[in-house]
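Keep in mind it's a predicted model, so treat the numbers as computed, not measured.
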Amino acid sequence: MNDVLDRLRAEAEAPSTGSAGPARYEALLAAGPEELAASLTSAGLPLWARELAAYRLGLAGDRRAFEPLVLLLNHRDPPRCAAAATALAVLADPRTARAAAALATNGLRTAYALHPVRLLTALRAPESVPALTATLSRLLAPHDPHWRVALACVEGLGTLGDPRARDVLTRAQSHPRLAVAATAALRGLG
């Protein structure tokens, strides 16, 4: 949590935010749930401020944070995705697994799928294994550049230990960057 708050404080203090940034950061840090929720729909709020409000609401279990956190989970900036995934896991909204599965399986957004894949593993939801297997199957194409996402799928499937993943994990063994993890994951299947 401190890493997220430190990153957002640094963004708020950046010269481009002007003198209002640090004061706005402190106000959001001290704000209650109603003020945080209101800030999510406030016009003209910078991204760091919306992230801070959504993150705090998510950690507090306030479901009003769900949609902003899903948008941040799909952001191009990995630290924003990681923070959103953490808050979504704590939030425990029943819509989270479906949203993470949609992001993980979207072939147009594969470069940003690492954190949705990891979130699916953490959630252990019914959507997790089908989404991870579909994503991994697509990423096993020769020379696919998204091997880190594929590796997260392999590791996630190993953690979940579902025998439905056997076929895709067996195919992953032939991929040089995935072979060791796929073999370990296969050992853990029931």
J.: Let me see the working for Leu157 and Leu189 under side chain to side chain contact (heavy atoms under 4.5 Å, CB included), right down to the final yes or no.
T.: CA-CA 9 Å; Leu157 290 168; Leu189 295 185; over 6 Å; no

J.: Passes side chain to side chain contact (heavy atoms under 4.5 Å, CB included), Leu178 versus Gln173? Steps please.
T.: CA-CA 6 Å; Leu178 306 176; Gln173 285 181 302; over 6 Å; no

J.: Show, in sequence, the C-alpha distance, side-chain angles and deciding distance for Tyr112 and Asp77, and conclude whether the side chain to side chain contact (heavy atoms under 4.5 Å, CB included) test is met.
T.: CA-CA 8 Å; Tyr112 311 112; Asp77 186 18; over 6 Å; no

J.: Quick check against the 3.5 Å criterion: does Arg124 have a side-chain atom that pairs as donor or acceptor with the backbone of Thr159?
T.: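 Checking the backbone N and O of Thr159 against the side chain of Arg124, a donor-acceptor pair under 3.5 Å is found.
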
J.: How about Arg80 and Arg7: do any of their side-chain heavy atoms sit closer than 4.5 Å?
T.: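 Touching, per the 4.5 Å side-chain cut-off.
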
J.: Are Arg56 and Glu51 within salt-bridge range, i.e. N to O under 4.0 Å?
T.: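 No, no charged N to carboxylate O under 4.0 Å.
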
J.: Any non-hydrogen side-chain atom of Leu72 less than 4.5 Å from a side-chain atom of Tyr55?
T.: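 They are not in side-chain contact.
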
J.: Take Cys81 and Asn74, measure what side chain to side chain contact (heavy atoms under 4.5 Å, CB included) needs, and give me the verdict at the end.
T.: CA-CA 6 Å; Cys81 298; Asn74 192 35; over 6 Å; no

J.: Within a strict 4.5 Å, meaning less than it, do heavy atoms of the Arg63 and Leu91 side chains meet?
T.: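 Heavy-atom side-chain distance check passes, below 4.5 Å.
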
J.: Could you pull out all donor-acceptor pairs under 3.5 Å where a side-chain atom in residues 28-38 meets a protein atom, sequence neighbours excluded?
T.:
residue : atom : partner : partner atom : Å
Glu34   : OE1  : Arg64   : NH1          : 3.1
Glu34   : OE2  : Arg64   : NH1          : 3.4
Glu34   : OE2  : Arg64   : NH2          : 3.3
Glu35   : OE1  : Gly32   : N            : 3.0

J.: Quick test of your reading: applying side-chain hydrogen bond (donor to acceptor under 3.5 Å, both in side chains), list the pairs with at least one residue in residues 87-101, sequence neighbours left out, ordered by first then second residue.
T.: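 Sorted pair list: Asp93-Arg95.
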
J.: Flag yes if Leu119 and Leu59 sit in one hydrophobic cluster, no otherwise; membership is Ile, Leu, Val, Met, Phe, Trp, Tyr, and two members link when side-chain heavy atoms are under 4.5 Å apart.
T.: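 No, separate clusters.
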
J.: Between side-chain atoms of residues 133-141 and protein atoms elsewhere (two or more places apart, or another chain), which donor-acceptor pairs fall under 3.5 Å?
T.:
residue : atom : partner : partner atom : Å
Thr133  : OG1  : Val129  : O            : 2.3
Thr133  : OG1  : Pro130  : O            : 3.3
Thr135  : OG1  : Ala104  : O            : 3.0
Thr135  : OG1  : Ala131  : O            : 2.9
Ser137  : OG   : Thr133  : O            : 2.9
Ser137  : OG   : Arg171  : NH2          : 3.1
Arg138  : NH1  : Thr105  : O            : 3.2
Arg138  : NH2  : Thr110  : OG1          : 2.8

